[in-house]
Amino acid sequence: MKTVYADKHALHAPSQEIYCGQVMPCAEKPARGDNVHRAVRESGLGDILAPQNFSLADITRVHDAGYVDFLKTGYAAWKKAGFETDVFACNFNLRQACNTPPQVIEGKAGYYLADTSVSITQGTWEVLEQSAYAALTALDIVAGGDRAAFALCRPPGHHASVAAGGGYGLLNNAAIAAQAFIDKGLGKVAVLDVDYHHGNGTQDIFYHRNDLLYCSLHADPALDFPYFSGYADEKGAGAGEGFNRNYPLPMGTAWATYKESLADAARHIDAYGADILVVSLGVDTFKDDPISQFKLETDDYARIGAEIAKLGKPTLFVMEGGYAIDQIGVNVVKALTGFQGA
Ligand code: Q9C
Ligand code: ZN
């Protein structure tokens with residue numbers, strides 16, 4: 001299985017996150033990407049390629065143009081306005097009640113950023129662009145006939161919706177790749193999201209559509225981030241009704257519980273008849289993850305990979321979360337080799 005990886009990802013090195021009023025080191029840090037890269041290299045999984053070039057239009061097929069412009073120019077505007085930190089929000093457009101982007105950068109930050117875990121640093125735009133292009137490159141590898149490919153994206157993307165970043169992410173790499181597949185006329189997409197957190201961004205982008213089935217297993221949103229979506233009764237709307245499926249799971253979930261929901265999601269994906277499967281691969285379900293409360297073990301990732309392989313679909317893995325810095329690499333590789341060996 002080929003991996004697509006941009007070593008530039010380290011230019012996005014958030015100085016901090018603000019959690020419950022506390023300024024703390026950001027859990028989403030460059031060592032995550034470095035460690036997964038090293039583990040993939042040492043595993044001999046397959047070639048590791050740099051992203052090809054794509055265009056902004058591939059990104060704005062999913063994301064709002066004003067939002068993308070904010071991601072591109074926001075850091076410079078923030079500095080020009082005299083702010084000393086990286087770009088952070090301190091006001092929020094709750095439930096998108098207003099559709100007029102503010103003129104000033106501190107207003108825009110709140111308009112386009114949904115929480116205080118996510119920030120824009122000097123190198124962020126370049127990294128986001130390369131990360132999205134990594135997903136698009138890996139998609140082309142699968143569309144070209146490979147059984148699977150791995151987009152080693154960083155930062156993660158599944159909390160990014162059409163016009164807002166959040167949860168450490170700013171561009172939804174999985175959604176951008178899925179949209180490109182649809183735009184090529186290659187058929188329908190299923191997204192299986194196994195990150196610990198609900199992929200509210202991916203759900204939001206495709207909620208009214210029937211050309212993509214979104215299935216997500218995650219922590220109960222009543223108890224953990226992103227808090228305001230991920231419930232089982234969110235099933236899609238309009239033409240998209242029935243094409244969104246959430247599996248909120250209790251704190252402390254281990255393999256015995258997890259595998260039941262995973263098997264159910266696999267049944268739905270199978271019945272949908274997707275032409276490609278995109279896996280939002282987060283390994284923050286790991287028992288020692290510092291920000292999460294599931295209890296999966298390293299060997300369980302091989303089981304997840306094997307269950308995914310049973311679907312027999314061309315499969316694009318896209319890196320999402322996972323914050324146990326010493327085990328992120330082995331857990332990701334387990335999932336990918338578990339897929340390959342099945
Ligand atoms: N200090 C993903 O896994 N809140 N995003 C964390 C911990 C935000 C997670 C608080 C969690 C975002 C892609
Ligand atoms: Zn997560």
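What you see is a predicted model, and the numbers here were worked out from it, not measured in a lab. Order of appearance sets the numbers: ligands from 1, and atoms from 1 within every ligand.
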Distance filter under 4.0 Å to [X] heavy atoms, resulting ligand 1 atoms:
X      : value
Gly321 : 3 (O)
Glu17  : 1 (N), 6 (C), 7 (C), 10 (C)
His158 : 13 (C)
His159 : 2 (C), 5 (N), 9 (C), 13 (C)
Ile291 : 7 (C)
Asp284 : 3 (O)
Gly167 : 2 (C), 5 (N), 9 (C), 12 (C), 13 (C)
Pro156 : 13 (C)

For atom 6 (C) of ligand 1, what's the nearest protein heavy atom and its distance?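 Sorting protein heavy atoms by distance from atom 6 (C) of ligand 1 puts Tyr168 OH, 3.4 Å first.
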Do me a favour and list the nearest non-hydrogen protein atom to atom 10 (C) of ligand 1 with residue, atom name and distance?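 The closest heavy atom on the protein side is Tyr19 CD1, 3.3 Å.
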In sequence, state the C-alpha distance, the side-chain angles, and the governing distance for Tyr19 and Phe225, and then conclude on ring pair (Phe, Tyr, Trp, His ring centres under 6.0 Å). CA-CA 11 Å; Tyr19 178 64; Phe225 186 87; 9.4 Å; no
Give the ring-plane orientation class for Tyr196 versus Phe294, where under 30° counts as parallel, over 60° as perpendicular and anything between as tilted.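 Plane angle over 60°, so perpendicular.
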Could you label the plane-to-plane angle of the Phe317 and Phe339 rings as parallel, tilted or perpendicular, counting under 30° as parallel and over 60° as perpendicular?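 Because their plane-to-plane angle is over 60°, the rings of Phe317 and Phe339 count as perpendicular.
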If I take every N, O or S atom of Glu320, is at least one of them less than 2.8 Å from the Zn ion (ligand 2)?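 No, since none of the N, O or S atoms of Glu320 sits under 2.8 Å from the Zn ion (ligand 2).
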Relative to atom 11 (C) of ligand 1, which among Tyr323, Phe225, Tyr196 owns the nearest non-hydrogen atom?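 It is Phe225 that holds the nearest heavy atom.
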For Tyr112, which of Phe70, Phe92, Phe88 qualifies under ring-ring contact (aromatic ring centres under 6.0 Å, His included)?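 Among the candidates, only Phe70 passes.
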Cation over ring, Arg267 on Tyr272, under 6.0 Å and within 45°?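 No, a cation-pi geometry is absent between Arg267 and Tyr272.
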Tell me the contacting part of Glu320 for ligand 1: side chain, backbone, both, or neither, using a 4.0 Å heavy-atom threshold, strictly below.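 Glu320 to ligand 1: no contact under 4.0 Å from either part.
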Considering only heavy atoms, does Asp195 approach ligand 1 within less than 4.0 Å through its side chain, its backbone, both, or neither?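 Contact part for Asp195 vs ligand 1: side chain (C-beta onward).
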Min side-chain heavy-atom separation Val278-Leu192 under 4.5 Å: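 No, side chains not in contact.
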Val4 versus Phe150: any side-chain heavy-atom pair under 4.5 Å?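 No, too far: nothing below the 4.5 Å cut-off.
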Quick one: does Thr337's side chain have a donor or acceptor within less than 3.5 Å of a partner on Val333's backbone?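 Present.
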Check: Asp220 side chain, Pro248 main-chain N or O, donor-acceptor pair, under 3.5 Å: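 Between the backbone of Pro248 and the side chain of Asp220 there is no qualifying donor-acceptor contact (under 3.5 Å).
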If I take the Zn ion (ligand 2) as the centre, what angle separates the OD2 atom of Asp284 from the OD1 atom of Asp195? Nearest 10 degrees is fine.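 Here the angle at the metal atom is close to 110°, to 10°.
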So Arg303 and Asp300, salt bridge (charged side-chain N to carboxylate O under 4.0 Å, His left out) or not? Walk me through it. CA-CA 5 Å; Arg303 299 185 176 105; Asp300 294 331; 2.6 Å; yes
Just give me the atom name: the N, O or S atom of His197 closest to the Zn ion (ligand 2).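 Among the N, O or S atoms of His197, the one closest to the Zn ion (ligand 2) is ND1.
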